[in-house]
Amino acid sequence: MGRLFVVVLEGKIYSCKHCRTHLALCEDIVSKSFHSRHGKAYLFNKVVNVTMGEKEERQMMTGMHTVADIFCVGCGSIVGWKYETAHEKSQKYKEGKSVLERFKVSGPDGSHYWISHEAHVGGSDADDA
């Protein structure tokens with residue numbers, strides 16, 4: 001097994017709730033109005049310290065997208081997904097961006113997001129459609 005290089009971020013960070021590996025900066029948030037199976041999710045311009053799973057077509061609330069799950073390099077936990085392709089013209093802004101599920105990450109103040117009983121079960125996506 002090779003050496004693991006981890007990017008250390010400075011500032012207000014979101015990190016893996018299991019191993020505290022840095023994942024993203026607050027300043028890279030594009031939208032906080034996304035939803036996943038576990039509740040709230042945030043769209044980021046840039047995330048670090050993740051590996052990508054296989055690309056797949058997924059029907060989201062805002063249409064069909066090609067996405068890949070993203071995993072923490074520190075512990076292997078799934079932390080969200082990355083948009084590769086948006087098939088709807090109005091959703092093209094998501095391409096190349098990543099979503100971190102709040103249930104799976106710690107906030108800048110060390111806070112955790114807990115699943116609410118109203119969490120959406122089904123296709124994950126923004127509620128701006």
Side-chain angles (χ1 to χ4, degrees):
M1 187 166 150
R3 180 176 277 212
L4 179 66
F5 290 96
V6 177
V7 176
V8 176
L9 300 172
E10 292 188 25
K12 294 183 177 181
I13 61 164
Y14 286 88
S15 58
C16 176
K17 81 172 186 180
H18 300 288
C19 69
R20 300 184 187 243
T21 297
H22 294 181
L23 299 173
L25 290 168
C26 277
E27 62 198 48
D28 288 324
I29 294 175
V30 175
S31 174
K32 290 184 175 183
S33 65
F34 280 62
H35 293 277
S36 72
R37 286 186 191 98
H38 301 106
K40 288 185 177 189
Y42 296 170
L43 181 68
F44 288 84
N45 270 321
K46 178 182 172 186
V47 297
V48 297
N49 300 322
V50 296
T51 57
M52 281 184 26
E54 294 290 319
K55 294 178 188 175
E56 63 182 51
E57 298 294 315
R58 236 181 249 172
Q59 182 66 40
M60 306 286 211
M61 291 168 49
T62 56
M64 186 64 74
H65 295 79
T66 304
V67 300
D69 287 333
I70 54 176
F71 302 86
C72 172
V73 298
C75 66
S77 296
I78 184 169
V79 291
W81 66 91
K82 180 175 182 177
Y83 287 102
E84 291 294 320
T85 308
H87 300 286
E88 302 281 332
K89 194 174 186 177
S90 66
Q91 302 302 306
K92 292 286 185 188
Y93 75 95
K94 297 176 185 174
E95 292 181 345
K97 294 177 176 60
S98 299
V99 171
L100 294 178
E101 297 185 56
R102 281 296 285 128
F103 174 68
K104 298 178 179 186
V105 299
S106 295
D109 58 359
S111 65
H112 295 287
Y113 174 81
W114 302 105
I115 297 175
S116 69
H117 294 293
E118 298 92 38
H120 178 73
V121 179
S124 306
D125 215 346
D127 62 359
D128 57 359

> Where do Val105 and Lys17 land on the side-chain contact (heavy atoms from CB on, under 4.5 Å) test, with the steps shown first?
Replying inline: CA-CA 5 Å; Val105 299; Lys17 81 172 186 180; 5.7 Å; no

> Are Tyr14 and Val79 side-chain neighbours, meaning at least one heavy-atom pair lies under 4.5 Å?
Replying inline: no

> Hey, what do you get for OG (Ser33) to NZ (Lys40), rounding to the nearest 0.5 Å?
Replying inline: 10.5 Å

> Taking only residues two or more places apart in sequence, or in another chain, which ones meet Thr51 in a side chain to side chain contact (heavy atoms under 4.5 Å, CB included)?
Replying inline: Phe71, Val73

>> How long is the straight-line distance from OG of Ser77 back to NE2 of His18, given to the nearest 0.5 Å?
In response: 4.0 Å

> Going from NZ on Lys82 to CD1 on Ile70, what distance comes out if it is rounded to the nearest 0.5 angstrom?
Replying inline: 8.5 Å

> If you round to the nearest 0.5 Å, how far is CZ of Arg20 from SG of Cys72?
Replying inline: 12.5 Å

> Do you know which two heavy atoms are closest between Gly107 and Arg102, and how far apart they sit?
Replying inline: N-NH1, 3.5 Å

> Ignoring hydrogens and geometry, is there a side-chain-to-backbone donor-acceptor pair from His87 to Thr85 under 3.5 Å?
Replying inline: no

> With sequence neighbours left out, what residues match Glu56 under side-chain hydrogen bond (donor to acceptor under 3.5 Å, both in side chains)?
Replying inline: Arg58

>> Is the ring pair Phe44/Tyr42 parallel, tilted or perpendicular, if the boundaries are 30 and 60 degrees?
In response: tilted

>> Tell me the closest heavy-atom pair linking Lys12 and Pro108, and the distance in Å.
In response: CB-CB, 3.8 Å

>> Go through it in stages, so that I can follow the logic: the residues are Met52 and Glu84, the test is side-chain contact (heavy atoms from CB on, under 4.5 Å), and I'd like the CA-CA distance, side-chain angles, deciding distance and then a yes or no.
In response: CA-CA 11 Å; Met52 281 184 26; Glu84 291 294 320; 3.3 Å; yes

> Can a donor-acceptor pair be found between the side chains of Lys94 and Thr62 at a distance below 3.5 Å?
Replying inline: yes

>> Are Ile13 and Val7 connected into the same hydrophobic cluster when the rule is that any two of I, L, V, M, F, W, Y join if their side-chain heavy atoms are below 4.5 Å apart?
In response: yes

> What residue among Leu25, Leu9, Thr21, Asp28 forms side chain to side chain contact (heavy atoms under 4.5 Å, CB included) with Val48?
Replying inline: Leu9

>> Main chain of Leu100, side chain of Lys104: is a donor-acceptor contact present, judged purely on distance under 3.5 Å?
In response: no

> Distance-only, no hydrogens or angles: does the Asn49 side chain make a donor-acceptor pair with backbone N or O of Val6 under 3.5 Å?
Replying inline: no

>> Quick check: closest heavy atoms across Val47 and Ser98, and the distance to 0.1 Å?
In response: CG2-OG, 3.6 Å

> Checking Lys92 side chain against Ala86 main chain: does a donor-acceptor pair fall under 3.5 Å?
Replying inline: yes

> Counting distance only, does the side-chain N/O of His38 pair as donor-acceptor with the main-chain N or O of Phe103 below 3.5 Å?
Replying inline: no

> What's the spacing between Trp81 CH2 and Met60 CE if we round to 0.5 Å?
Replying inline: 5.0 Å

> At their closest point, which heavy atom of Gly63 faces which heavy atom of Glu88, and how far apart are they?
Replying inline: CA-CG, 4.3 Å

> About how many Å separate CD of Gln91 and CE of Met64, when rounded to the nearest 0.5 Å?
Replying inline: 13.0 Å

